[in-house]
Trainee: 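A single structure is presented below for examination.
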Amino acid sequence: MHYWLMKSEPDAFSYDDLVAKGKAEWDGVRNHAAQGHMKAMRKGDLAFFYHSNIGVEAVGIMTIVEEAAPDSTDETGKWIAVHVAPREKLAKPVTLTAMKADPALADMAMLRQSRLSVSPLTKEQFDHIVAMSKA
DNA sequence: GCCAACGTTGGC
DNA sequence: GCCAACGTTGGC
């Protein structure tokens, strides 16, 4: 089991949009580092849904339901996508500010490279953010 | 193969 | 709307 954090601008696609659809292809990722992380995802892995630009916070947890397959929005055949489904909405969103302020998350990949749209989390980091959402 | 120019992402 | 970080492109 591995843990991830995935960014989306909520005015384009939000966590509530995912809940409404039930399942969605996480497409449009055009960055090699982020693609590498998506290729490493396995069915059953968990990922935070993070709202960039608006909110700037983790809002929910998703399950990876289908592993890497060709991105249906890509005509070149070079890029892959995974499929995700909503698991649970966080009781309280965890903001980027709160993550940055927490020493336990100092090594988080996203904090070290803010533009990375798909990033890995350790189990400790994942559990810590879940705990913050319930505090 | 280096590096400057340029475009995009994303936080503020 | 600005700007820093970072990726990509193209000239040499």
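So you know, we letter chains A, B, ... as the sequences are listed, proteins then strands, and number each from 1. Note that the structure is a prediction, hence the values are computed from the model and not measured.
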Trainee: Could you tell me how the ring of Tyr3(A) sits relative to the ring of Phe126(A): parallel (under 30°), tilted (30 to 60°) or perpendicular (over 60°)?
Mentor: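 Tyr3(A) vs Phe126(A) ring planes: tilted.
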Trainee: Is a salt bridge present between Arg30(A) and Asp71(A), judged by a nitrogen-to-oxygen distance below 4.0 Å?
Mentor: yes
Trainee: Give me the first and last nucleotide of DNA chain C, going 5' to 3', that has any atom under 4.0 Å from a heavy atom of chain A.
Mentor: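 The protein-touched segment is dA5(C) to dT8(C).
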Trainee: Side-chain atoms of residues 31-40 of chain A: list all donor-acceptor pairs with protein atoms under 3.5 Å, sequence neighbours left out, distances to 0.1 Å.
Mentor:
unit_1, atom_1, unit_2, atom_2, d
Asn31(A), OD1, Ala33(A), N, 3.0
Asn31(A), OD1, Ala34(A), N, 2.9
Gln35(A), OE1, Ile80(A), N, 3.0
Gln35(A), NE2, Val29(A), O, 3.0
Gln35(A), NE2, Ile80(A), O, 2.9

Trainee: Can you tell me if Gln113(A) and Ser119(A) form a side-chain donor-acceptor pair at under 3.5 Å?
Mentor: no
Trainee: Give the minimum heavy-atom separation between Ala104(A) and Gln125(A), together with the two atoms involved.
Mentor: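 That would be O-CG, 4.5 Å.
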Trainee: Ring centres under 6.0 Å, that's the criterion: do His51(A) and Phe49(A) meet it?
Mentor: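 Between Phe49(A) and His51(A), which both carry aromatic rings, the centre distance is below 6.0 Å.
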Trainee: State whether Lys21(A) and Asp17(A) are salt-bridged, where the test is any N-O pair (Lys NZ or Arg NE/NH1/NH2 against Asp/Glu carboxylate O) under 4.0 Å.
Mentor: no
Trainee: Specify the residues of residues 103-114 of chain A, ordered by number, for which at least one heavy atom lies under 4.0 angstrom from an atom of DNA chain B.
Mentor: Ser114(A)
